[in-house]
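In what follows, chains carry the letters A, B, and so on, assigned in the order in which the sequence lines appear, proteins first and then strands, with residues in each chain numbered from 1.
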Amino acid sequence: NAGVTQTPKFQVLKTGQSMTLQCAQDMNHNSMYWYRQDPGMGLRLIYYSASEGTTDKGEVPNGYNVSRLNKREFSLRLESAAPSQTSVYFCASSEDKGAPYTEAFFGQGTRLTVV
Amino acid sequence: RKEVEQDPGPFNVPEGATVAFNCTYSNSASQSFFWYRQDCRKEPKLLMSVYSSGNEDGRFTAQLNRASQYISLLIRDSKLSDSATYLCVVLTGTGGFKTIFGAGTRLFVKA
């Protein structure tokens, strides 16, 4: 069972470069999320998608864009990377669709360093 | 003030000890509560949901106190394998939802 798959697992970018983090889930979940995790800050929601074709901003959306390509895939794009975006990025998915929150399943994370 | 606050620890306890973590939340309209576990350099995974009446899963007991706006996690008979970071998660919202993670409490269980 693949669950939630994120690529790449590691990435080093130079300031100003762009990149897209890919995420796919095979559990037929409706909702998908992108979080970043920094030391002492916990997980902070960047963007989420409650269903295919919809996306909404989370707590820290600035500097990011997302695309819910289909029900399986939810990508996160950094258009012009900044050192402040150095972090561990997690993609997650859950079954809920307008219903009480259900368990979120996470990908293995992407460790991004911007120099 | 953060919306969800946890004592970052670390808690260092010997095997067999009982340890308790608390988590406070600021939004009284919060609806659902969870504990997640995160091992070093791994992704978070659901440990247990927290129900109003309290719930138990083996050595783990979760409690919710809505009046004081905190949830707790009690681990009895600690094992070396319990060493991890425990994340408090609160769901708030009407219509949509907002999931807020605490920064986590680190636990080290020593032999």
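- Closest of all the heavy-atom pairs between A:Ala104 and B:Tyr36 is N-OH, 3.0 Å.
- In this structure, no portion of B:Pro8 lies under 4.5 Å from any heavy atom of chain A.
- Under the 4.5 Å side-chain heavy-atom criterion for ILVMFWY residues, a single connected hydrophobic cluster contains both A:Phe90 and B:Phe34.
- Heavy-atom distances place no part of B:Lys45 under 4.5 Å from chain A, backbone and side chain included.
- Here CD of B:Glu3 is found 7.0 Å from CD of A:Glu59. Values are rounded to the nearest 0.5 Å.
- In this structure, the portion of A:Gln37 lying under 4.5 Å from any heavy atom of chain B is its side chain and not its backbone.
- Linking Ile, Leu, Val, Met, Phe, Trp and Tyr residues whenever their side-chain heavy atoms come within less than 4.5 Å places B:Val50 and B:Leu107 in a single cluster.
- No continuous path of hydrophobic side-chain contacts links A:Tyr47 to A:Leu43 [ILVMFWY only; heavy atoms under 4.5 Å].
- Contacts of B:Leu46 with chain A are made by both backbone and side-chain atoms, with heavy-atom separations under 4.5 Å.
- At a 4.5 Å heavy-atom cutoff, the contact between B:Gln38 and chain A is made by side-chain atoms alone.
- Heavy atoms closer than 4.5 Å to chain B are found in the side chain of A:Arg111, but not in its backbone.
- Heavy-atom pairs under 4.5 Å with chain A were tallied for B:Lys42, B:Glu43, B:Lys2; the largest tally goes to B:Glu43.
- At most 12 non-hydrogen atoms from other residues, nucleotides or ligands lie less than 6.0 angstrom from CD of A:Gln108.
- Hydrophobic clustering (ILVMFWY, side-chain heavy atoms < 4.5 Å, transitive): B:Tyr25 and B:Ile100 are in one cluster.
- A distance-only check finds no donor-acceptor pair linking the side chain of A:Tyr35 to the backbone of B:Phe101 [under 3.5 Å].
- A continuous path of hydrophobic side-chain contacts links A:Val114 to A:Val60 [ILVMFWY only; heavy atoms under 4.5 Å].
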